[in-house]
Amino acid sequence: MPNIPADIQIEDNAIVAELLGPYNRNIAEIERAFEVQINQRGNILSVVGEPEEAKMATDVINRLEARLKQGRSVESGDVQGAIRLARGKPASNMASGSDTAPTRKKVEIQTRKRVIEPRSPTQRDYITALQDNNLIFGIGPAGTGKTYLAVAAAVAAFLERRVERIVLSRPAVEAGERLGFLPGDMKEKIDPYLRPLYDALHDMLPGETVTKMLENGVFEVAPLAFMRGRTLANAYVVLDEAQNCTSMQMKMFLTRLGENAQMAITGDPSQVDLPRGETSGLAEAVRLLNNIKGVGIVEFTSEDVVRHPLVAKIIEAYASASRKHDK
């Protein structure tokens, strides 16, 4: 079939300039991804290439144009996300226990600072699972947005008054090193372990709001050890780095789930920092709860990495070496 140009007319010239990006960087990314050529004539973009590839490239351009029409910016990560979504297939990594349907309205998370859209098909499934299930597991490699999206879902639920508070937790386990004695009071000792959760909150809400909510106890960021004996009701609870939970800790945490509460658990089974011989509770929980209705389990792969493109290649290189070692 001949390569017939597909023309896209954009009404606003300012949107054309933003869509192209600095030095046509955005368009160049789309051309590389789909091996097409995109020519500009005023406010018309012509996409030339194999029909299927040109169709996907056109879909990316339309997604980005719609984003710009809403008054939102387009950065390199947004372009890469639109490319992944155009190439991807929905609901590929979602466990059968989830209540989530494979098709639904546009998926996004609204926070005070920004609207968060999925940047991969698996992220789309994950956001849907976060919205539709009481207990959600997001498992997979670093850089896939597991924790960020879980915190975003918690913030959105709080802003919509579906929950009264947010509880964010992590096991206080050192990543392959021994830091020894840490100075300061209890909060100063544990804050370094919990910093990524604070960062996520500040990315979604004004700083003064986060500070006020933390001071009032409406937002709580605490190590896993502080969860024992509690019942977490009317709350959105996020447990990060769950691969570093022992089996008993995971059972303890899961049974904290109270009335009108949601719980998201994230972790990377390939980065366990527990002492040698200690079983990670994350893999066990996923195995035991896999087919329970109301439990959503979404698995990410290196293809879902949304950090620097090199991160995905680094993760795949380590995974490949591990597979060879196990043979």
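- Looking at L68 and R72, their side chains never come closer than 4.5 Å, going by heavy atoms from C-beta outward.
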In a table with atom names and distances, give each donor-acceptor pair under 3.5 Å that connects a side chain of residues 9-18 to protein atoms at least two apart or in another chain.
| unit_1 | atom_1 | unit_2 | atom_2 | d |
| --- | --- | --- | --- | --- |
| D12 | OD1 | A14 | N | 2.8 |

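- Using a distance-only test at 3.5 Å, with no hydrogens or angles considered, a donor-acceptor pair links the side chain of D78 to the main chain of E75.
- With 3.5 Å as the limit, one finds no donor-acceptor pair spanning the side chains of S46 and N39.
- Taking 4.0 Å as the cut-off between side-chain N and carboxylate O, R124 and E117 do not count as a salt-bridged pair.
- For Y148, there are no ring-ring contact (aromatic ring centres under 6.0 Å, His included) partners two or more places apart in sequence or in a different chain.
- Within the 4.5 Å cutoff, no side-chain heavy atoms of L149 are placed close to those of T266.
- A salt bridge does not link E208 to K212: none of the charged nitrogens lies less than 4.0 Å from a carboxylate oxygen.
- L205 has its side chain out of reach of K113: every pair of non-hydrogen atoms, C-beta onward, lies at least 4.5 Å apart.
- Applying the salt bridge (charged side-chain N to carboxylate O under 4.0 Å, His left out) rule to pairs touching residues 137-151 yields nothing, sequence neighbours excluded.
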### Task
Evaluate the side chain to side chain donor-acceptor pair (under 3.5 Å) criterion for residues Q80 and E29: first the C-alpha distance (whole Å), next the side-chain angles of each, then the deciding distance (0.1 Å), finally the verdict.
CA-CA 8 Å; Q80 290 297 327; E29 284 193 50; 2.3 Å; yes

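- In this structure, NZ on K293 lies 10.5 Å from CG on N133, to the nearest 0.5 angstrom.
- There is no side-chain donor-acceptor pair under 3.5 Å between T144 and D304.
- F253 pairs by the ring-ring contact (aromatic ring centres under 6.0 Å, His included) definition with nothing, not counting sequence neighbours.
- By the 4.0 Å N-to-carboxylate-O rule, R63 lies close enough to D59 to be salt-bridged with it.
- The pair R84-E303 does not count as a salt bridge, with every side-chain nitrogen at least 4.0 angstrom from each carboxylate oxygen.
- Judged purely by distance below 3.5 Å, without hydrogens or angles, the side chains of S247 and T279 never pair a donor atom with an acceptor atom.
- Residues V218 and I166 are not in side-chain contact: their nearest non-hydrogen atoms beyond the backbone lie 4.5 Å or more apart.
- By the 4.5 Å heavy-atom criterion applied to side chains, I109 and V115 are not counted as neighbours.
- Neither side chain, Q243 nor Q271, offers a donor N or O lying under 3.5 Å from an acceptor on the other.
- Formation of a donor-acceptor pair under 3.5 Å by the N244 side chain with backbone atoms of V272 is not found in this model.
- A salt bridge links R114 and D203; the closest N-O separation between the charged side-chain nitrogens and carboxylate oxygens is under 4.0 Å.
- Two residues are said to be in side-chain contact when any heavy atoms from C-beta on lie closer than 4.5 Å; V238 and V167 fail this criterion.
- For E35, the CD atom sits in a loose shell: 12 or fewer heavy atoms of surrounding residues, nucleotides or ligands are nearer than 6.0 Å.
- For N234, the side-chain contact (heavy atoms from CB on, under 4.5 Å) partners are E164, N260, not counting sequence neighbours.
- Within the structure, the salt bridge (charged side-chain N to carboxylate O under 4.0 Å, His left out) test picks out no pair touching residues 243-266 (sequence neighbours left out).
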